[in-house]
Chemist: 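Before I ask anything, here is the structure I am working with.
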Amino acid sequence: MSKNFLDEARDYEEKGDLFNAILTLKKALQLEPKNLIIQINLGNLCVSNKQFEEAAGYFRRCYRYFRSNPEIKDALCFSLTAFGNENYLRLKFELSEACFEEVLEYEKNNWVYYYNLANTQDKLNESLKAYKNYQKAIELNPDDADLWNNKGNIERKLGYLDKAVSSYKRALTISPDLSHTQVHLAHQKQHMCDWENIEPIFKNISSTIRADSKALIPPFAYLSNIFTSPSNQLQCASQWAQNNLHIKRVTKQKKQKKNPIHIGYLSSDFKLHPLYFLMRDVIRYHDRKNFTIFAYDSSPKEKSIERKTFLSFFDHVKDISFLDDEKAANLIDQDDIDILVDLTGYTNNSRAFIAPQLKSTITINWLGFPGTMGFFQERSLYDYILADEFIIPREDEKYYAESIIRFPFPYQPNNADRSQINKKTRQDYNLPDDAIVYCAFNQSFKISEIIFNTWLGFLKQYPKSILWLTHSNNWATDNLKKYAEKSGVSPERIIFASRVTNTEHIARHALADIYLDTLPYNAHTSASDALSMDLPIVTIIGNTFSSRVAGSLLHSLDLDELITKNLEEYIKCVAKLTEDLNYRKNIIERLKKAKINSAIFKPQLFVKNLEEIYQKLI
């Protein structure tokens, strides 16, 4: 009887009807449930029909009886790997991890299996496990560039920056043209303030963007490249979208107006993150009569009070961390979202590729990524970018894929309680009482060699001055001290501020005299921190979005004399503030007065204007 089913299944298979072939073999198996040949055939058919989970089940049972059969073992490993990859693409990383762990129970000498497991554990933020499995993969295959690159990525996450740099260098030794590895190497060297031989890497990255349309250059890391330009940033972002996103773009339909308007905020940073200190009160003060506010949350699940508070101000919170982009887009469509605002962009844990899959939702790039998101399939990936007149001058609109919406004030909001009462003294931070304290609390990757040299020039010119920086990591601190010493400046004149609570961090700005900005990536949230404590900022502007944010804030406060266009102006401005105490006091008084009526620190006023923008778009 089963032979009839077998013959029938073979006929279906020959006709290409795998569904009925499998169905018929299952009938045969019901008659002979211990027939392993039928199970092997079923496993093979399931593989051909991409039913990998089911195939693994058949091969797993057969392998119990034929442990010495390499073909059955290979078929089982193939099925588990395929099912693991399937789950990986669907963002079901726990299932993916289980598949790859099981594969390694059967075969421990295949580097690909360790590599797959490590990639999945990376997605699960199991960084130490991932690191160990990358190491095992490299032991079996030390000549694969992607392995070394991914090992470098996980070392970076674990804070092993020196090891990450070594891994990236090894990857480039094997495959010199890996553009994304070049970017990772340069960016980690920036984080470490290790500028040795970095300029040629920067130049090569910029050349690659122009010459190779298939190059995968992460757009965020390129923002701080000293040879960056607005045209290159547009090209970089567009290539990133085009080369990473493989879908047919949805043709948008016009939405019917309704009340209340549904606004969705998409982010991977609803947590203890600078976004909290910019956006919390924007969410809080939205007009609930006319707007319903949704959070689409792809953030790591931390238990901070900031995350809890942040999410509490939304009307609806949707966890999309376990959904792939297509399913997340379907959820947003089901929620009938009128406008989706991406607060993450091309930064960590980006979900930017949800946007082009939305059927009728207007999409906005704002705040998270300071630049254009680029083109995808000859259309802007996002419909709009929120900016202001200073950040994107009219003559630079051609460098942005999005339509530009400008606030009548700086594009960067702040929470109402930003400023703090300082209860500390300079002695508490080892700062001399009689010194001019130059402060620069930007992250270390923003400090370029030319900027740091300029700062050292101030220390040389004014012997009673000191430089107060953030301690970002041990390598940056050591390298900056060594660089200062080689330049003839005592390392003791550079004080590194340790991490403290955000309240204390903002309050301690009151102990500094002048905030020194960086280029090509300005202070953004850090600039708001300084201004909230009435600390004058001297900025140097460029022609990219990220190089004009501090200038935007100062311009709105009518402090344009603190906005410089080149190093010569920057040096003169700092010198005047340093030498002329009355001038500095006057600047501080003007800053205090300007803040009284400024929307920068008045979130309710900011939200009113933001909602007017939303209403005009519908």
Side-chain angles (χ1 to χ4, degrees), residues 77 80-81 84-85 87-89 91-175 178-192 194 216 218 220-221 268 271 273 298-302 321-322 347-350 443-445 471-479 499:
C77 290
L80 287 167
T81 299
N85 289 333
N87 282 298
Y88 184 93
L89 293 173
L91 307 188
K92 295 181 178 179
F93 299 120
E94 290 87 355
L95 277 173
S96 182
E97 181 184 35
C99 290
F100 297 137
E101 285 178 334
E102 186 180 349
V103 170
L104 285 165
E105 292 177 14
Y106 309 122
E107 176 54 75
K108 298 185 183 298
N109 294 313
N110 189 324
W111 69 272
V112 173
Y113 299 152
Y114 290 103
Y115 179 65
N116 289 341
L117 178 58
N119 289 340
T120 302
Q121 290 170 331
D122 179 20
K123 293 293 186 181
L124 288 167
N125 293 313
E126 296 174 349
S127 298
L128 199 54
K129 288 182 180 179
Y131 179 53
K132 290 176 181 177
N133 283 310
Y134 282 131
Q135 286 180 310
K136 288 176 181 177
I138 283 172
E139 287 171 10
L140 293 167
N141 182 17
D143 298 320
D144 186 272
D146 285 327
L147 255 179
W148 284 101
N149 174 79
N150 287 19
K151 179 171 172 279
N153 291 344
I154 210 72
E155 286 166 336
R156 180 188 75 217
K157 287 186 178 182
L158 287 166
Y160 309 157
L161 302 192
D162 55 341
K163 291 182 178 180
V165 165
S166 296
S167 292
Y168 293 140
K169 286 180 177 178
R170 180 64 183 273
L172 290 169
T173 300
I174 298 166
S175 183
L178 278 183
S179 54
H180 57 282
T181 305
Q182 291 177 17
V183 177
H184 293 321
L185 173 60
H187 203 48
Q188 289 322 295
K189 284 171 72 70
Q190 286 180 291
H191 276 285
M192 297 167 72
D194 173 9
L216 287 172
F220 178 74
S268 298
K271 57 180 182 173
H273 182 275
S298 193
S299 316
K301 302 303 178 282
E302 64 177 31
S321 58
F322 62 95
T347 60
N348 281 342
N349 300 312
S350 171
Q443 293 183 63
S444 56
F445 78 87
H471 173 73
S472 295
N473 58 74
N474 291 335
W475 297 277
T477 295
D478 290 344
N479 285 331
R499 292 192 181 277

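As a basis for the values below, the full set of heavy atoms in this structure was taken, side chains included, without hydrogen atoms, waters or symmetry mates. Computed from a prediction, not measured in an experiment: that's the story for all the values here. Sequential numbering from 1 along the given sequence is applied to the chain's residues.
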Chemist: Looking at every heavy atom in both Ser298 and Ser321, which two are closest together, and how far apart are they?
Modeler: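 Smallest interatomic distance, heavy atoms only, reads OG-CA, 3.9 Å.
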Chemist: Suppose we screen for side chain to side chain donor-acceptor pair (under 3.5 Å). Which residues come up paired with Ser299, at least two apart in sequence or across chains?
Modeler: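 With sequence neighbours excluded, Ser299 shows a side chain to side chain donor-acceptor pair (under 3.5 Å) to Asp297, given in chain and number order.
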Chemist: Please collect all side-chain hydrogen bond (donor to acceptor under 3.5 Å, both in side chains) contacts where either partner lies in residues 91-100, sequence neighbours excluded, each pair once.
Modeler: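 Found Ser96-Thr120, Glu97-Gln121.
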Chemist: Are Leu80 and Phe100 packed together at the side-chain level, in the sense that at least one heavy-atom pair is separated by less than 4.5 angstrom?
Modeler: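 Contact flag for Leu80/Phe100 side chains = no.
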Chemist: Suppose we screen for side chain to side chain donor-acceptor pair (under 3.5 Å). Which residues come up paired with Glu126, at least two apart in sequence or across chains?
Modeler: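 Glu126 satisfies side chain to side chain donor-acceptor pair (under 3.5 Å) with no residue once adjacent residues are dropped.
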Chemist: Shortest non-hydrogen contact from Leu216 to Ser179?
Modeler: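 Shortest heavy-atom contact: N-OG, 3.4 Å.
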Chemist: Can you measure from CH2 (Trp111) to CG (Asn141) and round to the nearest 0.5 angstrom?
Modeler: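 So the gap between those two atoms works out to 5.0 Å.
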Chemist: Under the rule for side-chain contact (heavy atoms from CB on, under 4.5 Å), what residues qualify as partners of Leu104, not counting sequence neighbours?
Modeler: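 Here the qualifying residues are Tyr113, Tyr114, Leu117.
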Chemist: Kindly give the heavy-atom pair with the smallest separation between Asn479 and Met192, and that separation in Å.
Modeler: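 Heavy-atom minimum between the residues: ND2-O, 2.8 Å.
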Chemist: CD/Gln188 to CG/Leu161 distance, rounded to the nearest 0.5 angstrom?
Modeler: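 One finds 5.5 Å between CD of Gln188 and CG of Leu161.
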Chemist: As an exercise, state the distance from CD1 of Ile138 to NZ of Lys151, rounded to the nearest 0.5 Å.
Modeler: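 If I round to the nearest 0.5 Å, the distance is 5.0 Å.
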Chemist: Near Asn348 CG, under 6.0 Å, is it more than 12 heavy atoms from other residues, nucleotides or ligands?
Modeler: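 No, the 6.0 Å shell around CG holds no more than 12 heavy atoms from other groups.
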Chemist: Show me the pairs that pass salt bridge (Lys or Arg N to Asp or Glu O under 4.0 Å) and involve residues 135-146, at least two apart or across chains.
Modeler: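 Qualifying pairs: none.
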Chemist: Residues two or more places apart in sequence or in another chain: which of them pass side chain to side chain donor-acceptor pair (under 3.5 Å) with Asn474?
Modeler: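 In terms of side chain to side chain donor-acceptor pair (under 3.5 Å), with neighbours along the sequence ignored, Asn474 is linked to His471.
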Chemist: Give the minimum heavy-atom separation between Ser167 and Glu155, together with the two atoms involved.
Modeler: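 Between these two residues, the closest heavy atoms are OG-OE1, 2.7 Å.
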Chemist: Can you give me the closest heavy-atom contact between Ile154 and Asp122, atom names plus distance?
Modeler: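 For Ile154 versus Asp122, the nearest heavy atoms are CD1-OD1, 3.3 Å.
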Chemist: Taking only residues two or more places apart in sequence, or in another chain, which ones meet Asp194 in a side chain to side chain donor-acceptor pair (under 3.5 Å)?
Modeler: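 Lys189.
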Chemist: So which pairs with a foot in residues 119-153 pass ring-ring contact (aromatic ring centres under 6.0 Å, His included), sequence neighbours left out?
Modeler: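 Non-adjacent pairs meeting ring-ring contact (aromatic ring centres under 6.0 Å, His included): Tyr131-Tyr160.
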Chemist: Ser175: what forms a side-chain contact (heavy atoms from CB on, under 4.5 Å) with it, not counting sequence neighbours?
Modeler: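 Ser175: side-chain contact (heavy atoms from CB on, under 4.5 Å) contacts with Ala145, Leu178.
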Chemist: Is it true that Lys157 and Ser127 share a donor-acceptor pair across their side chains at a distance under 3.5 Å?
Modeler: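 No, because no side-chain N or O of Ser127 sits under 3.5 Å from a partner of the opposite role on Lys157.
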Chemist: Could you list all the salt bridge (Lys or Arg N to Asp or Glu O under 4.0 Å) pairs where at least one residue sits in residues 106-118, not counting sequence neighbours?
Modeler: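 Sorted pair list: Lys73-Glu107.
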Chemist: Can you list the residues that meet the side-chain contact (heavy atoms from CB on, under 4.5 Å) rule with Asn153, with sequence neighbours excluded?
Modeler: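 Asn153: side-chain contact (heavy atoms from CB on, under 4.5 Å) contacts with Asn149, Asn150, Arg156, Tyr168, His184.
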Chemist: Among residues at least two apart in sequence or on other chains, which ones pass side-chain contact (heavy atoms from CB on, under 4.5 Å) with Ser444?
Modeler: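 Scan of Ser444 (side-chain contact (heavy atoms from CB on, under 4.5 Å), adjacent residues dropped) gives His191, Cys193, Ser472, Asn473, Ala476.
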